[in-house]
Amino acid sequence: MIAFFETNAKLTALQSRAQLDVADAADLVALAWYMRQSAQAQAQVLAQRALLRLDRSPAHQLLRLRLDLLRAERHWLCSEHQAALALAQACLEQAGALSSQAALQHSAHALCCDAHELLSWLVFELGDVKARHHHLQQALRCAQQAEDALRNEYLQASILAALGLYEPAAAEAQLQAWLPHLAGLHPVSRAAFHNALGLQMHMSENMAEAIGHYMQACQDAQQCGQSRRAIVCAGNVSRVLLNLNDVHAALEWIEKAIDIARQTQWRSLYHDSMTQYASCLRQLGRFSEGLELVQETMQALQSNPHSHRYSQCLQMMGELQSDLGQHADALQSFSKLQEQAARRGYHNFQAAALSGQAKSLLGLARFDAARQCAEEGLRFAQEMRDPLGQVELLEVLAHIHAANQDAGRQRACLLQALEIADSIHGMQTSSSLLDSLADLHAAQGDFLQANTYSQHAGRVREDKLRQDTLQRLQSLQTRHHAERMQIEAEQLQQQAQAEALRVQALAETGDTLSHLSAVGREITACRDLAGLFASMENHVRNLLQADYCALLVMDAEGSALHSVFRIQGQTHLPPYRVSMDNPSAFAVQCVREQRELVLFLPPDDRHINRLADVDITQSALFAPLIAGGRVLGVMTIQSFAAHAYNERELLVFRNLCAYGAIALDNAQAWQQVQENQRQLVAQEKLAALGGLVDGVAQALLDPLTHCQQEIRALHQARTELSQAFAARTLQAADLGQFIQQGLQQTRQAGEDLTRAAQLVTQFKQLAVQRAQLQAQEFDLAQVSQAAAAIVLADFEQHAHRLELAIAPGIVLHSFAGPYAQVLRILLENALQHAFAARRGGLLRISAQLRGARVEIRCEDDGGGMPPQTMAQIFNHSGPEHSRRPGLGLHIAYNIVTALLEGKINCCVGTLGGCCFMLDLPLRAGDGA
């Protein structure tokens, strides 16, 4: 769940992850959210990066809404209230819909909380105070549903700050209860509570406490990226200092607020600060400069003329215009202020507006209108129980009656004002009020009473001077306290920065080690040398700053190092050879001493054998590649900058070399294993070929021998017949016998030659069929049935049964013809050897799927064979046995293993005889 704001230390850690490009979409969204006020431009860039990584999953949809809310806040801070309002309400509705999903419940409620909090500010600045209270209460409810303690504390402080404007006693009691716990709070919620306490102390005129709380709130806000609160609190410090008549200190703080506001480019807060700056100028009597600033601010706020901020500017402009004697302009400003205050319910502005109108009308000598405004203002102040407003308006009425030469009413107003002022606890009676009473009694000839009021006014002025002095002293003490707090804050900030740097270093080290671990797995997984060298080259260039890098491998004789890659900049350099007899080469020294070399040399040192072609190396690292106590080679990286490599680079380089040495040793071992395997395969092929030729020769020997014997017998019979014919002893019976015997011997010789031709054809087919055939899809049951049909008549002739138990639908992508040939060989072998002279035998063919393979069983109920014979069943040169394995079974074995990519073996079957089992893949021949 993304927090409301985060501390600068957490922000630094997230920034490190983003810079290392190991941050995921959630990290980027969180970082953009936390930087939304302190670094808006960077937050926008991060938001764009995050958007590219978001998909349409509910979790990422919630992150997308968080970015929309970020845009809404940016609109608000740039005074684009309507756009912000529409976007925030849309986010609230969509986040509420997602809150029903259990996995997203807390994050969705947190987003709803933030949307309500933003809406509370928007409606407040648009003049809807009731709606602000509603949104704050809803935000607190969402924070509780999200089980977020930080948001809960922050919103309680915000609600108490708002409550203090209407029920100060209740707000103060609750805030005081929080006071002992503030030190342990998160800076975000601590800043909110200090701001609320500052407002409460300010309203109760406890200026020293107010300044302390405002300063602490400003400091805490800056620790967690809350630029807006920092600006507002700095402005509040300026206002309190201005009330203490410390104008110069007030100017310093408002200038600090302006500096922060200027960096953010938020027009509204910038103009707020400028309005406060105008108040300071007014205190210094620089009315014209103050009026210019306020008018500039008013011009910028024309887009939102009903806001609370606009009302403040109207009041300030009217007061400055009155100070400059521009009574008509002041009357217009105060009239507009009264209209807006009455419409929006701003009671404090309404009393000030009526008072200002009365003074302006008095300045314009419109006494009746001035009296009506003053009397209306007095009634309003009495209804609102505002004694200070009543005193001010009674003084205005007294001036109006004096202008009308109505001394009785003037005296009544002044005495009533004096009575109210005396009833206000802690309020110093105005010296101007006492002077007015003294002047009035003197004009009426009552010099004794006039002297009494005049002396009282003198004492009030002395008290006021003493109070001003005390306030200045208090201001100095407050400033001293503030400076001390600032020093402490700077110390804490330095400690925080040091801690952040430590956290960053730990994070970078952890990320580096994690990344190196992944790199190590990739490098050590390389079995071929070319892939290993390419991977090493890629990772060296990505992980280390190297103007030049090279990897050199020791030759088999150990006499020289040969480069497998050399790169300078983006250029691949030609191969390089370094003799192990070279006394000046650092690569040779590194290998000979079997240790790392870390070199930092001045640019004019020409002694280093740089392995670079043009530029001068000033920093270089060399490390031997050692595995199993053997030095396999050396790797170097070099830089043209001085002192380019620190502990981090050395750590990365050392790990890369270690991984490279292991991978190089593995690759060389693998290469040797492959070479040995190739030799063994070649030897096995030669042995198999020799055995196959021997088997073919043995298989051909019987039919050819029989054929030779028949031909010899025929030749002998022909010789005897020729001799009988020559001796004239040839008889017809002898000739008939010769013809009959010759036909029989010729037929037998033809059969033997046909058998030999078939064996040669099978042998040739075994050699060429893999190159000529193409794999295709076929149904196992159909092809098996077709192969069995060829020998079915022979089985029926001997009363044997042939059962086919293969279910349809088993589809193979393989070679149908070779498979049928194998099955036919097995059936013919069973027909010839399984049942001997017995009739009524059984042979069953079945198949069963096993994942991506199929098992085919061809078993009979014949006499079987001994185990030693079964072990040599596919070896055509094996011993003789009851089931003589001719060339057919050997051909079947080669077709199954070489072409069909399967296995074949022989065992005792469930029917009591032999069982040939074929284990074939469902897909074969893709690489044919």
Taking atom [atom1] of [X] and atom [atom2] of [Y], what is their separation to the nearest 0.5 Å?
X	Y	atom1	atom2	value
Gln737	Leu721	CD	CG	10.0 Å
Leu849	Arg853	CG	CZ	12.0 Å
Gln748	Leu714	CD	CG	13.0 Å
Asp779	Glu777	CG	CD	10.5 Å
Gln848	Ile856	CD	CD1	12.0 Å
Asn829	Ile873	CG	CD1	6.5 Å

Quick check: does any side chain N or O of [X] sit under 3.5 Å from a backbone N or O of [Y], one acting as donor and the other as acceptor?
X	Y	answer
Asn655	Leu651	yes
Arg566	Pro574	yes
Asp555	Ser559	yes
Glu859	Thr910	yes
Asp665	Ala661	no
Asp860	Leu842	no
Asp861	Leu911	no

Exercise for review: Begin with the C-alpha distance, continue with both residues' side-chain angles, and end with the deciding distance and a verdict on side-chain contact (heavy atoms from CB on, under 4.5 Å) for Gln821 and Leu899.
Suggested key: CA-CA 12 Å; Gln821 182 181 356; Leu899 188 63; over 6 Å; no
Under a 4.5 Å cut-off applied to non-hydrogen side-chain atoms, are Ser784 and Leu804 in contact? yes
- Query: Do the non-hydrogen side-chain atoms of Met635 and Leu664 ever get within less than 4.5 Å of each other?
  - Reply: no
- request: With side-chain contact (heavy atoms from CB on, under 4.5 Å) as the test, would you mind laying out the steps for Leu753 and Leu704 before giving the verdict?
  value: CA-CA 7 Å; Leu753 290 174; Leu704 291 178; 4.1 Å; yes
TODO: Please step through side-chain contact (heavy atoms from CB on, under 4.5 Å) for the pair Glu596 and Leu621, ending with a clear verdict.
DONE: CA-CA 7 Å; Glu596 297 172 349; Leu621 298 178; over 6 Å; no
Closest approach of [X] and [Y], non-hydrogen atoms and distance?
X	Y	answer
Gly558	Met580	O-CG, 3.6 Å
Arg838	His800	O-CE1, 3.1 Å
Cys914	Gly864	SG-CA, 3.7 Å
Leu918	Val822	CD2-CG1, 3.9 Å
Ala787	Leu827	O-CD1, 4.4 Å
Leu625	Cys657	CD2-O, 3.4 Å

Looking at Asp919 and Arg850, is there a salt bridge between them, counting it only when a charged N and a carboxylate O are closer than 4.0 Å? no
Looking only at the side chains, is there a donor atom on one of [X] and [Y] sitting less than 3.5 Å from an acceptor on the other?
X	Y	result
Asp794	His798	no
Thr636	Tyr548	no
Gln740	Gln744	no

Cys915 vs Met917, side-chain contact (heavy atoms from CB on, under 4.5 Å): CA-CA, chis, key distance, verdict: CA-CA 6 Å; Cys915 175; Met917 290 193 301; 3.7 Å; yes
Residue pairs passing the salt bridge (charged side-chain N to carboxylate O under 4.0 Å, His left out) test with at least one member in residues 571-593, sequence neighbours excluded, are Glu593-Arg595
| message | Can you confirm whether Glu855 is buried at CD, in the sense that more than 12 heavy atoms of other residues, nucleotides or ligands lie under 6.0 Å from that atom? | response | yes
*Within a radius of less than 6.0 Å around NE2 of His715, do more than 12 heavy atoms belonging to other residues, nucleotides or ligands occur?*
no
Exactly one candidate in Leu780, Val783, Leu900 meets side-chain contact (heavy atoms from CB on, under 4.5 Å) with Leu812; the answer is Leu780
Phe778 and Tyr819 aromatic ring geometry - parallel, tilted or perpendicular at 30°/60° bounds
parallel
